[in-house]
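In what follows, chains carry the letters A, B, and so on, assigned in the order in which the sequence lines appear, proteins first and then strands, with residues in each chain numbered from 1.
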There are 2 protein chains.
Amino acid sequence: MDTITIKDIANLCGVGVTTVSRAINNHPDISEDTKQMILQVIKENHYVPNNSARNLKRSASKTIAVLIKGITNPFFNRMLQVFEQETQKKKYSCILQRVDENQDEIDVAIELEKEKRLKGIVFLGGYFSHSKEKLDQLTIPFVLSTIGLTQEVDQDVYSWVSVDDFQESYKMTDYLCGLGHKKIAIISAGMDDESIGKLRYEGYRKALEHHGIKFNPNLVRCMKDDIESYSMENGYAVTRELLQSGEEFTALYAISDSLAVGACKAIFEAGKSVPEDYSVAGFDGLDISFYYNPSITTIRQPAEKIAKETIRILFDLIHKKTASEHRIFAAQLMARDSTKPLK
Amino acid sequence: MDTITIKDIANLCGVGVTTVSRAINNHPDISEDTKQMILQVIKENHYVPNNSARNLKRSASKTIAVLIKGITNPFFNRMLQVFEQETQKKKYSCILQRVDENQDEIDVAIELEKEKRLKGIVFLGGYFSHSKEKLDQLTIPFVLSTIGLTQEVDQDVYSWVSVDDFQESYKMTDYLCGLGHKKIAIISAGMDDESIGKLRYEGYRKALEHHGIKFNPNLVRCMKDDIESYSMENGYAVTRELLQSGEEFTALYAISDSLAVGACKAIFEAGKSVPEDYSVAGFDGLDISFYYNPSITTIRQPAEKIAKETIRILFDLIHKKTASEHRIFAAQLMARDSTKPLK
DNA sequence: TTGTAAGCGTTATCAC
DNA sequence: GTGATAACGCTTACAA
């Protein structure tokens, strides 16, 4: 016997397949005795139902999926746990699916929706710019979570929850200006970025403007393409170049904590110190920003809250309690040891 | 029309479903013209084949799966990329499946094997102690990658690749002893750990013994159960307690880099410094160990090599070129700024 | 309470 | 080259 099926179990038990199915799926219409008997035989024979067959037949499953772009991002770790927890509370199950950098998340979503008979989807990370036509192929509700929305998107179609990357980035830059810094370098995304990278960069620009600080393009340093984006290594490489360029600056704002960590390292290696020689700030509020030495001033995103609200909205969508919702959470500026007033 | 199927496409094209299937799957027995025509119709109608149906029917698929226990671990990130890369080279696809801390990875594997018609499996992380009977339900080859094997396991049944956690941990402890340290604290796993935690702890014990250093149980500090294991936060909490206990020590060996980072923070907060007051060492060779300030002395596991070799062995297993293989890679002691000779 | 049989959407087998 | 048609392993009306 190659692989054992529900039929085999039925035969072994001397019952019909329906009865076996009922035993497996906890259906009510079955006597406790036969159920136990069947379960016993199943266990003895190590029978495992084939999921493909189940999904194919089932019209609906209590399942949602979380599609993550950039699973590397430690920021998502905290959220993932909340997603699973909250989903379980609703008696649903939650499947995690990573999406490659160069994969189209909607394609993945469409495929998965059919394959798993999903009830809803969370898109996590990355950016979002898809034609309405494409979105229409997705027949189930979805929520965008911590996704940088740079273009005007249709409020009625999309639901999302995130922080205001532009505003929070403004806040950080404003803070640095408030400390007296005027030459503030930034490690940002490439100029072609259409996501949080762009928003954070624009917040920086805006704050400089409000403080009447002349914008210096030489202080804008983009992450390197050939190194993993938003990584410590990238921050390190970029900061080394900045330092070597001889361009003067007193503060360095990295648009992610990991970049900031790399930046600090480069500064130390140049024989300088943080914050005495350079103030350094990050973004996200990763654990490491607290544990680093010095602790890094950052914008702390309320990851748990965002995750919780994402699930809440998704289920409201599923249960048709809402048509679309948008929630922007305030993030918190954590002033720590890596920044200080300019003397 | 609710959801569009292969039949609909066949009707639309005025051909049989077989022909459509052939077009989708690049089968040879189809004229280029009809194929293009069908593909066109498919595109226009946004038809996406149902994976469940495919998997159900397909006898074999060129797919392997990587089951990860503890996806949080940044150490795995580097490996994951290699897994995908190498799999693609073989024209296979690779699916990632996280396994919950309290889930049985074999159960997940068995289910997935059937559902996806897998060709092979990589088990990543965690520990491994399953009955032969259970393993036998897995009919496809698998490789254990960076899994702590504490018990004697059947060499002929399992294939694995990892570092020698015992030996490498010995190496680190030996190094600290060589620096003149005699009071070496360790942050280790719980005493019930049966995985790398145990192995690394035992390497520590052995090295102390060889150096004729009397073992002091008060210097053994286990991670806290109520905090994520191997996390910075855990290292921080444990080290605070250690510091407050008043127990004297000159070096602290944490069995992971993240723990070491947390430990350093606790030391700084106590007004002490690293390595002047305490030498601190980690394990794994995460990026952060290099970028931290001070850079952290660690054991660098050759993650890429391990990952590559894992895939190589798995495919050799799949192609029956080998019955079982075992590969232990040497890890590298990276002596950095967080440790110094005892004066 | 239980069993029979009709699909679910594909792919594989075969005949044309 | 192409098209019926029978599986694949399961769930679910419907019948008993």
Length of the line joining A:Asn26:CG and D:dT11:C1', which is rounded to integer Å: 15 Å
Under-4.0 Å side-chain N/O to phosphate OP1/OP2 contact, B:Thr34 with D:dT2: yes
Below 4.0 Å: OP1/OP2 of C:dT11 and any side-chain N or O of B:Asn25: yes
Residue whose nearest DNA chain D nucleotide is more 5′ - B:Gly16 or B:Arg58: B:Gly16
Spacing between A:Asp33 atom CG and C:dT1 atom C1', to the nearest angstrom: 12 Å
CD/A:Glu133: more than 12 non-hydrogen atoms of other groups inside 6.0 Å: no
Sugar-phosphate only, base, or nothing, as touched by B:Ile6 at under 4.0 Å among non-hydrogen atoms: base
Side-chain N or O of A:Ser31 closer than 4.0 Å to phosphate OP1/OP2 of C:dT2: yes
Closest approach of B:His130 to B:Tyr158 (non-hydrogen atoms, all atoms of both residues): O-OH, 3.5 Å
Side chains of B:Gln36 and B:Gln40, donor plus acceptor under 3.5 Å: no
Nucleotide D:dA4, atom C1' - distance to CG of B:Asn11 in whole Å: 14 Å
Under 3.5 Å donor-acceptor, B:Asp100 side chain and B:Asn102 backbone: no
Integer-rounded Å distance: D:dT12 C1' and A:Arg54 CZ: 14 Å
Protein-nucleotide distance (A:Ile9, atom CD1; D:dC10, atom P), rounded to Å: 9 Å
Pair of N/O donor and acceptor under 3.5 Å linking C:dA12 base with B:Ser21 side chain: no
Minimum-distance nucleotide (side-chain atoms of A:Arg22 versus C:dT2, D:dG3, D:dG9): C:dT2
Among C:dG3, C:dC8, D:dG3, the one nearest A:Arg117 by side-chain distance: C:dC8
Touch class at under 4.0 angstrom, heavy-atom based, for B:Asn50 against every strand present: sugar-phosphate
Spacing of A:Ile24 atom CD1 relative to D:dT11 atom C1', expressed in whole Å: 10 Å
Value in whole Å for how far the P atom of C:dG9 lies from CD of A:Glu113: 13 Å
OP1 or OP2 of C:dT1 under 4.0 Å from side-chain N/O of A:His27: no
Residue closer to the 5' end of DNA chain C, A:Lys57 versus A:Asp29 (nearest nucleotide): A:Asp29
Pairing residues for A:Arg98 by the side-chain hydrogen bond (donor to acceptor under 3.5 Å, both in side chains) criterion, not counting sequence neighbours: B:Glu84
A:Phe315 six-ring centre to A:Lys90 NZ/CZ under 6.0 Å and within 45° of normal: yes
Any N/O donor-acceptor pair, A:Lys7 side-chain to D:dG9 base, under 3.5 Å: no
Length of the OH-P vector between B:Tyr47 and C:dG9, whole Å: 10 Å
Among C:dT10, D:dC10, C:dT2, the one nearest B:Pro49 by side-chain distance: C:dT10
Other residues, nucleotides, ligands: >12 heavy atoms within 6.0 Å of B:Lys35 NZ: yes
Set of side-chain hydrogen bond (donor to acceptor under 3.5 Å, both in side chains) partners for A:Ser21, sequence neighbours left out: A:Asn25
Distance below 4.0 Å between A:Thr18 side-chain N/O and C:dT2 OP1 or OP2: no
Five-pair end axes of the helix from C:dT1-D:dA16 to C:dC16-D:dG1 and the angle they enclose, rounded to 10°: 40°
